[in-house]
Amino acid sequence: MASAVTILAVDDDPLSRELLTDALRPLGVRVLTAAHPDAAMQLVESERPAIVILDLMLPDRSGLELTSEILQLAPTTDVLLLTGHYTPESAIEAIRLGACDYLTKPIQIAALRARIGRLLEDLHKRLEAARLETALVRAHRFEGMVGHSAQMLELFALIRRVGPHFRVALIRGATGTGKELAAAALHRQSPVAAGPLVVCNCSAVTESLFESEMFGHLKGAFTGATHDKKGMFEAADGGTLFLDELGDLPFAMQSKLLRAIQQQEVRPVGANASRKISCRVIAATNRDLEAMMGAGEFREDLYYRLSMVELHLPPLARRMEDFPYLVRAFLERYATEYGKTLEGITPRAQAVLARHSWPGNIRELENVLASACMMAETGMVDVRDLPAFFQRNTTLAEPTPSPPSYDEMLPLAEVERRHTRWVLHQLQGNKSKAAEVLGVTRSTLYRILGESP
Ligand SMILES: Nc1ncnc2c1ncn2[C@@H]1O[C@H](COP(=O)(O)OP(=O)(O)OP(=O)(O)O)[C@@H](O)[C@H]1O
Ligand SMILES: [Mg+2]
């Protein structure tokens with residue numbers, strides 16, 4: 001329960017300590033205070049507070065140094081920093097060191113209580129999750145992302161922590177690992193969540209049009225510029241610009257992009273003055289930027305600017321703890337989408353899926369399960385509902401493909417049904433086309449499949 005939670009407030013200013021104590025007590029927590037880092041460390045050791053609130057400016061050493069010390073001694077402590085001089089850089093630095101949040105002074109009681117309230121809630125959930133250590137704990141979700149593995153829970157925590165502070169961020173990971181989803185999560189956790197999230201796919205823009213796409217153009221700036229056009233930066237003003245496939249950004253555009261990010265201004269093609277903008281920038285790529293820098297294809301200065309906050313999405317094969325949760329989430333989603341009542345997936349089918357290496361990561365898994373849901377009838381998704389690839393590659397499903405045994409001598413109706421489903425799968429579920437290919441009417445097709453039209 002929250003009442004058992006201890007909070008330690010560290011500040012050399014007695015008034016501040018008093019204010020913090022008064023502000024926190026109504027939350028039903030035990031509040032301890034310390035004026036000096038040494039006293040604070042002693043209390044951390046003896047009392048193990050769940051939350052420590054630290055002033056950034058302390059005698060002897062900085063709040064940042066003390067943060068590292070505390071986390072070394074008690075790694076699960078939530079450290080919240082207070083400062084009179086907020087800069088996004090120091091906030092990012094604090095979060096990098098493991099602080100969980102950052103508040104500005106003068107202390108606003110309502111804001112402080114709200115933050116602490118959230119921390120207490122998280123703490124409560126963590127305790128509860130630890131208690132409910134069963135395989136059936138509900139899938140963890142964060143901003144539309146399903147994740148249960150340590151890597152994903154850490155990623156969710158990082159997004160939550162940097163969301164309020166970042167100006168630029170870089171998301172890396174192989175294809176289909178969820179980079180775009182992570183970018184949207186970061187935007188939604190930012191103070192501009194209500195503003196636009198503009199997506200620019202760098203690989204889809206031709207080199208000659210890049211400048212105009214990003215920064216806009218004036219009427220008559222070039223042949224074909226029949227009217228003024230806003231660029232993506234301006235469209236993202238007051239929100240976030242998501243630069244997807246950053247590795248495909250033409251080299252000539254990289255310095256222009258860096259300038260726009262640093263100056264927070266853009267000059268439309270054909271204009272002779274710049275326009276001020278304010279937007280956050282999230283870039284994503286699956287390319288090896290270090291190798292590209294080595295080959296002179298990617299600018300180091302842009303890389304260092306973007307990688308101040310870097311998120312990594314691990315490949316699915318390296319976080320198979322997430323696998324059952326993802327499977328369940330996709331089955332639920334697609335069963336609903338196709339209007340089917342599916343109870344789940346058979347252990348056999350799940351085992352067959354789990355043995356695949358998933359080079360296409362979560363997107364590949366999602367596609368496979370969407371197709372399986374389409375093929376499956378009411379009940380459980382089984383191996384026969386999976387794409388042909390999995391049936392060929394599974395010794396579990398078909399231990400001896402030949403010679404034919406009596407068991408495999410199927411009734412004609414079953415052959416008809418299997419063949420029909422196979423054709424339908426090849427045609428992405430298009431029933432009209434399938435009927436045409438099979439030379440039957442749509443209603444015959446429905447009858448074979450045992451469905452009502
Ligand atoms: N953790 C997750 N939970 C649920 N769905 C996910 C998760 N990660 C990814 N997805 C789904 O997988 C698909 C691919 O995700 P996304 O487009 O974000 O990947 P990406 O890394 O941007 O891929 P690419 O490099 O190919 O552009 C999307 O349909 C997305 O909704
Ligand atoms: Mg993507």
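Indexing begins at 1, ligand by ligand and atom by atom, following the structure's order.
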Checking side chain to side chain donor-acceptor pair (under 3.5 Å) for the pair Arg280/Ser190: CA distance, chi angles, key distance, verdict? CA-CA 9 Å; Arg280 275 144 222 264; Ser190 81; 4.8 Å; no
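Ring pair Tyr303/Phe298: centre-to-centre distance not below 6.0 Å. For Phe222 and His217, the ring centers are positioned less than 6.0 Å apart.
The existence of a salt bridge linking Arg259 and Glu265 is excluded, since no basic side-chain nitrogen approaches an acidic carboxylate oxygen closer than 4.0 Å.
For a heavy-atom separation below 4.0 Å, the residues in contact with ligand 1 are Gly144, Met145, Val146, Ala174, Thr175, Gly176, Thr177, Gly178, Lys179, Glu180, Leu181, Glu245, Asn286, Leu326, Phe330, Ile362, Arg363, Glu366.
Between His356 and Trp358, the two ring planes are perpendicular [angle over 60°; tilted spans 30° to 60°].
Among Lys229, Arg275, Lys276, the one residue that satisfies the salt bridge (charged side-chain N to carboxylate O under 4.0 Å, His left out) test with Glu234 is Arg275.
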